[in-house]
K.L.:
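The following block contains the structure, expressed as structure tokens.
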Amino acid sequence: MAASKLQALWNHPAGPKTIHFWAPTFKWGISIANIADFAKPPEKISLPQQIAVTATGLIWSRYSTVITPKNWNLFSVNVAMAGTGIYQLSRKVKHEYFSEKEAVAKE
């Protein structure tokens with residue numbers, strides 16, 4: 001049973017013998033780096049970089065569901081990229097636009 005599932009994965013059109021497996025696998029590094037950046041102060045977050053990460057995640061998530069064969073590794077890494085990018089963008093926007101109003105209101 002397990003051997004047949006491994007064989008099916010190995011021979012899948014988006015399996016480990018193809019770039020369609022390895023490109024999204026290595027792309028996980030971007031999402032992991034973005035998660036590591038959650039500890040960064042918001043003023044150090046690059047707005048253009050996070051816009052690019054978010055847009056890439058959203059666009060390629062959609063693309064990965066319409067191609068044949070379906071590439072669920074590509075889909076999952078891009079959902080993670082979009083999610084981490086949106087979170088980082090929200091941190092940046094909150095810091096840039098809402099923390100100043102709170103500081104002025106407190107004075």
K.L.:
Among all residues two or more places apart in sequence or in another chain, which pass the ring pair (Phe, Tyr, Trp, His ring centres under 6.0 Å) test with F75?
P.N.:
W72
K.L.:
Taking atom CD1 of I67 and atom CZ of R62, what is their separation to the nearest 0.5 Å?
P.N.:
11.5 Å
K.L.:
Checking the side chain of N73 only, and the main-chain atoms of F21 only, is there a donor and an acceptor separated by less than 3.5 Å?
P.N.:
yes
K.L.:
Measure across P24 and V77 and return the closest heavy-atom pair with its distance rounded to 0.1 Å.
P.N.:
O-CG2, 3.8 Å
K.L.:
Tell me whether the count of non-hydrogen atoms from other residues, nucleotides or ligands lying under 6.0 Å of CZ in F38 goes above 12.
P.N.:
yes
K.L.:
Can you pull out every salt bridge (Lys or Arg N to Asp or Glu O under 4.0 Å) where at least one residue sits in residues 76-92? Sequence neighbours excluded, please.
P.N.:
K92-E96
K.L.:
Apply side chain to side chain donor-acceptor pair (under 3.5 Å) to T18 and list each qualifying residue two or more places apart in sequence or on a separate chain.
P.N.:
none
K.L.:
Working to the nearest 0.5 Å, report the span between OG of S46 and CD1 of I51.
P.N.:
8.5 Å
K.L.:
Is there a donor-acceptor pair under 3.5 Å between the side chain of T84 and the backbone N or O of I35?
P.N.:
no
K.L.:
Going by side chain to side chain donor-acceptor pair (under 3.5 Å), name the residues that satisfy it together with K70, two or more places apart in sequence or in a different chain.
P.N.:
none
K.L.:
What heavy-atom pair brings M81 and G57 nearest, and what distance separates the two atoms?
P.N.:
CB-CA, 4.1 Å
K.L.:
Is the shortest side-chain heavy-atom distance between N34 and Q50 below 4.5 Å?
P.N.:
yes
K.L.:
Is there a side-chain contact between Q88 and V53, using heavy atoms and a 4.5 Å cut-off?
P.N.:
no
K.L.:
Could you work out, with ring pair (Phe, Tyr, Trp, His ring centres under 6.0 Å) as the rule, every residue matching W28, not counting sequence neighbours?
P.N.:
none
K.L.:
Going by side chain to side chain donor-acceptor pair (under 3.5 Å), name the residues that satisfy it together with D37, two or more places apart in sequence or in a different chain.
P.N.:
none
K.L.:
How long is the gap from OG1 on T54 to CG on N78, to the nearest 0.5 Å?
P.N.:
11.5 Å
